[in-house]
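To keep things clear, I will list the structure first and then write my remarks on it.
Just so it is clear: chains get the letters A, B, ... in the order the sequence lines come, proteins before strands, and each one is counted from 1.
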Amino acid sequence: MKPARFEYFCPRTVDEAVDLLARYGDDGKVLAGGQSLVPLMNMRLARPAVIIDINRIDGLGDLRERNGILRFGALTRQRAAERSPVVAERCPLLRDALRLVGHAQIRNRGTLGGSIAHADPAAELTAILSALDGEVTARSARGTRTIAAADLFVTYLTTALDPRELIVEIRIPALSPGAGWSWMEIARRHGDFALAGVGVVLVIRRGTIAEARIALTGVGPTPVRAGAAERLLVGHAPSDTLWTEAAEAVRAAVTPDGDIHASAEYRKHVAGVLTQRALREALSRTKEAA
Amino acid sequence: MRLEGTNLLPASVETVWKTINDPEALRRCTPGLKELKEIGPDTYQATLTIGIAAVKGTYAGTLAITDKRAPTHYKISLDGSGGAGFMKGEGTVDLEPQGDGTTLKWVGDLQIGGLIAGVGQRMLGGVGKMLIGQFFKCLEQHLGGGT
Amino acid sequence: MTTRYIGARIPRNEDPSLLRGQGCFVDDLQLPGMVHAAVLRSPHAHARIDRIDVRRARASPGILDVITHADLDDLGAPLPKLIPHVSLTHHKTQQALASAVVRHVGEPVAFVVADTRYAAEDALDLIDVTYAPLPAAVDLETAARADAPRVHDDMDSNVCAHYTQRVGDAERARAQARHRFAERLVMDRGAAAPMETRGVVAAWAPRTGSLEIWDSTQAPIPIRNGLAAMFHLPQQSVRVTAPDVGGGFGPKVMMYYPEEILVPFASRRLGRPVKWIEDRREHFVATNQEREQIHDAEIALDEHGHIVAIRTVFLYDAGAYCPYGLIVPIVAGTTLPGPYRIPNYHCEFKAVFTNKTIVSPYRGAGRPHGVFVMERLLDRAARELAMDRAEIRRRNLIQPDQFPYEVGLIYQDNAPMRYDSGNYPQCLRRAVDSIGYAGWTAQQAAHRAAGRYVGLGVACYVEGTGIGPYEGCRVTVEPSGHVFVATGVGTQGQGHMTVFAQIAADALGVRPSDVTVRTGDTAAFGWGTGTFASRAAVVAGTAVSLAARAVGEKTRLVAATLLEARPDEIELEAGTVFVRGVPARALSLGEVAAAANPLRFAMPPEWEGPGLEATRYFAPPSATFSNGVHACIVEVDPDTGALEILRYVVVHDCGRVLNPMILEGQIHGGVAQGLGGAFWEKLAYDPQGQPLATTFMDYLLPTAVEVPSLEVEHEETPSPSNPLGVKGAGEAGVIPVPAVVAQAIEDALRPFGIHITEMPLSPDRVRQLVAEARRQPCD
């Protein structure tokens with residue numbers, strides 16, 4: 001398992017990086033944490049002619065909160081975000097999902113930008129970005145643009161990013177005050193790709209659901225935002241019957257693939273089970289908003 | 001893996017039949033096709049670089065159209081091998097008039113072997129279906145339709 | 001002889017260097033001028049090779065050689081048949097490189113040698129092979145049928161062996177029995193997955209005409225002997241060393257893997273050392289696998305729940321070739337009766353070729369299958385007869401006063417199976433107590449009331465261990481007083497460096513840290529068969545004991561001369577040799593060793609030669625039988641099929657325990673592998689014979705999160721078959737695990753009435769079983 005030959009560049013600034021991407025875009029790959037890319041290269045499933053290592057670009061790994069938005073540099077290590085007190089306080093849904101991304105050793109190197117750009121159909125971070133209506137900023141030699149989560153994920157391992165673009169920042173809104181949250185997933189083993197995963201946010205006002213967010217991973221080529229299920233919930237009082245209806249709506253909204261670990265039918269079924277359980281748990285965490 | 005689908009194409013059966021036999025259309029719409037050289041009647045030498053995102057393999061082999069029953073039925077087979085393994089696809093295509101358009105029913109058997117099968121089983125089925133879907137979407141556009 | 005160290009929980013001699021990263025595994029070897037190899041492997045499960053064109057590869061920069069079958073001469077012949085059997089009518093073996101046909105994905109087709117492994121892999125892409133794919137026989141049952149595609153086209157079918165063992169008259173007994181219950185039990189393919197993959201380094205020395213080989217193997221001596229024959233070299237000119245080996249578990253005892261021929265061949269051809277290290281993806285297609293069997297079994301009982309007859313007819317998947325013969329199905333069939341009295345038994349199997357990786361024993365070697373069948377049959381009978389599942393077992397156990405117990409079968413060593421000792425009811429009693437069986441019904445009811453589905457399982461087994469043919473040992477005391485033990489069984493983590501040192505230490509009155517054990521090097525000791533079948537402690541351990549005691553006797557003899565006493569008055573203790581009762585008349589062990597090798601003057605004839613050294617062999621006439629009982633408590637989520645193992649108890653009898661810590665390590669590892677085979681590990685193949693799980697992303701080994709803490713208890717019924725009283729323990733942990741997990745999951749989901757007849761399970765499968773049961777009302 002030795003990779004094919006490649007040329008290696010190590011830019012020190014974002015400008016240098018996007019210049020290299022402009023030159024090599026189609027033949028090049030960005031190396032961030034390497035936790036997905038390097039195995040693909042070692043197995044020769046991917047043979048990029050050029051590797052652009054962005055790990056030494058200063059300032060790309062910063063984490064800030066401003067005006068209720070968490071701003072992560074693309075190079076923010078997953079483990080750093082997982083353990084950040086800001087994330088714990090303002091977006092515990094993200095923290096809970098991060099805990100299930102691979103294993104700690106992988107999260108020590110893996111980055112938020114890398115995971116999102118890689119767009120694995122069973123990734124946690126892509127579902128979180130979808131659930132919370134996050135967005136990414138991408139830079140290329142031609143300029144800067146913002147891509148909303150709803151527009152970002154195209155299909156398996158494919159985002160709307162051009163090969164010459166580099167994610168520089170990820171923005172995730174903090175949870176609303178008093179919001180309850182839950183991340184639940186089923187995997188064959190701790191740390192494995194989710195067979196199905198659900199992230200839920202609930203805001204309760206005067207005893208009824210004011211805001212509901214449900215996003216799933218592992219149930220299709222991209223993360224699924226279960227809009228129909230969300231609309232079923234808003235304006236109603238929480239109840240087990242309501243959760244069951246939401247679970248059915250989620251099942252209707254997903255068309256998972258089967259593989260040797262779990263059939264499509266299982267994933268669809270479990271997506272509903274997890275939705276119910278996550279809604280229950282999210283409710284238990286809500287604090288009535290003013 | 002066995003895949004199948006139905007597509008509604010905005011053209012008559014005759015037009016669709018001509019298109020799916022036209023090497024130009026095949027050249028344009030087959031995902032990842034780099035070379036298509038006729039080496040005999042309805043037989044072509046093909047080179048494809050196919051995959052998803054960074055995961056790509058190059059396959060060299062043959063594309064052949066057989067069992068032609070104009071203008072409604074044929075069998076298309078594609079097989080190739082390369083460093084990443086081999087692929088072998090066989091499909092039957094049936095056309096039926098549907099109003100002003102044509103219903104195209106395809107049933108295919110796709111075998112992927114080698115490296116990619118042993119590592120990519122999680123996504124192979126989905127990606128395979130997606131690539132075949134791309135083919136028909138392209139055909140649809142070629143025929144003047146398109147969403 | 002005092003027993004200070006045998007039985008002691010002393011830390012391992014191996015560990016200080018291993019834990020500091022100072023072990024030497026085959027990939028650590030760097031030899032001057034060494035070059036690197038890679039193997040081109042078939043991507044097809046079954047295909048004709050029409051053409052191999054290596055010209056582009058040969059011309060590639062950094063490529064030193066590209067070898068195909070045409071280059072091998074007589075080394076291209078089919079590799080040896082290791083264990084023939086009269087029923088094995090088609091003992092097919094593979095070639096070192098395929099020539100006309102490839103029969104499984106991963107079969108070697110060409111061998112490339114280059115300056116670096118990177119360059120060698122680059123060259124693999126440049127080898128053009130034209131394959132004509134052929135239909136593949138993949139599914140075991142389909143492959144067994146007369147109309148299946150043939151794996152070997154000179155055969156009428158894919159059945160290479162058909163063998164039946166009988167005790168009594170099972171046909172008549174079952175016909176007359178009050179109750180008969182049949183089960184169809186399916187176990188799927190799995191792999192040993194050692195942490196270290198395979199690897200070979202070979203260095204041909206043209207000046208001496210000798211070959212030195214380092215091989216991650218469990219059987220260096222037979223490898224040496226076979227390679228010497230194949231390369232037409234004297235055995236003394238070939239040295240095979242198994243350095244530190246990171247796990248073997250069975251698949252590393254194989255004579256021969258193609259690479260074990262190709263690497264030395266390339267080295268001789270090039271005149272340079274050659275290294276080949278298997279990468280993990282290769283390992284999943286190129287290293288032997290196991291575990292696929294389908295049993296149609298039946299249990300017949302009388303009105304009191306006593307077993308009257310057992311019958312099983314099964315298919316065994318041999319893979320594309322069967323060099324290792326029929327060991328696995330024979331072991332499965334002979335392990336099935338277990339600790340129970342079975343007056344009538346019919347065991348029949350067909351070994352079937354398929355276009356999949358070759359099968360050879362993996363820890364358990366068929367025992368897990370035998371136990372799975374027997375225990376599932378008993379569970380079925382218990383349910384049908386409304387009997388308690390511990391009680392039905394109790395009622396059928398062989399009693400302690402019934403030893404030696406003739407089972408009536410021929411074991412894998414070709415000797416009649418005779419259980420030598422054991423206390424089966426005691427082990428069951430202890431396991432049942434430890435797991436809390438008595439109060440379980442009430443506890444389970446409380447769990448259910450709280451909405452939890454928790455279940456308990458208990459399963460028993462007997463394991464044949466310590467088989468021949470033999471092992472040997474040479475013990476030497478040097479003038480420094482340090483003791484050297486050399487033996488033929490290699491070590492792959494079993495703690496031999498410690499356990500053998502404990503045995504020698506006790507015999508010679510030294511500490512285990514004063515003993516250095518050397519194994520796995522044909523130059524250090526050249527007679528032996530290898531480490532497999534839970535035999536090293538019994539067979540090599542006994543040889544160590546015999547040799548060490550002989551050295552002790554010689555020490556007394558020599559010391560008697562020096563100390564002017566009688567040999568029977570001499571004691572060995574704490575590294576000194578002294579006259580009993582007169583500690584002042586003493587010498588150090590080293591001084592005696594020096595004195596035993598005089599430079600001048602006549603040597604006493606009774607010494608029979610110089611030095612404190614002795615070589616002894618132990619050839620056990622038959623196996624010695626360990627046994628055990630596992631019990632576990634699991635929780636299952638019926639909506640997701642998720643499984644959690646809450647408690648796991650092992651009661652284990654391997655006779656005299658040499659080192660409890662090492663034994664527990666063996667059991668822990670075995671249980672972990674057993675759990676893997678019960679719920680996680682499955683080698684999936686697609687209908688064309690393409691393996692779908694060739695990385696650890698898809699071949700799921702249970703991790704520290706999935707494997708619970710184990711509660712291990714020992715029972716000791718010493719073996720009468722060897723002077724140490726030991727029985728084998730290497731495979732015990734894995735054997736009853738699938739059976740006990742199946743029972744526990746069924747118990748947890750009893751309200752749904754699910755019925756488990758397959759291994760491994762998965763969350764999807766468990767949920768499916770629940771869903772199916774929900775659609776039909778249960779009893």
Quiz item: About how many Å separate CE of Met43(A) and CD1 of Ile116(B), when rounded to the nearest 0.5 Å?
Solution: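 Those atoms lie 9.0 Å apart.
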Practice problem: Please list, in residue-number order, every residue in residues 48-76 of chain B that has a heavy atom less than 4.5 Å from any heavy atom of chain A; write 'none' if there are none. | Solution: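 So far as heavy atoms go, Ile52(B), Ala53(B), Ala54(B), Val55(B), Lys56(B) are the residues that approach chain A to under 4.5 Å.
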Self-check item: Heavy-atom proximity to chain B below 4.5 Å, by part of Asp120(A)
Solution: side chain
Quiz prompt | Which portion of Leu157(A) sits near chain B, non-hydrogen atoms under 4.5 angstrom | solution = both
Exercise. Give a yes or no on whether Arg142(A) atom CZ has more than 12 heavy-atom contacts from other residues, nucleotides or ligands under 6.0 Å away.
Key: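 Not more than 12 within 6.0 Å, no.
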Quiz prompt | Greater than 12 external heavy atoms within 6.0 Å of Glu35(B)'s CD | solution =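 Enclosed: over 12 neighbouring heavy atoms sit under 6.0 Å from CD of Glu35(B).
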Exercise. May I ask you to test the Pro121(A)-Met123(B) pair for a side-chain heavy-atom distance under 4.5 Å?
Key: yes
Quiz item: Of the non-hydrogen atoms in Asp259(A) and Arg122(B), which two are nearest, and what is the gap between them?
Solution: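 Nearest heavy atoms, Asp259(A) then Arg122(B): OD2-CG, 3.5 Å.
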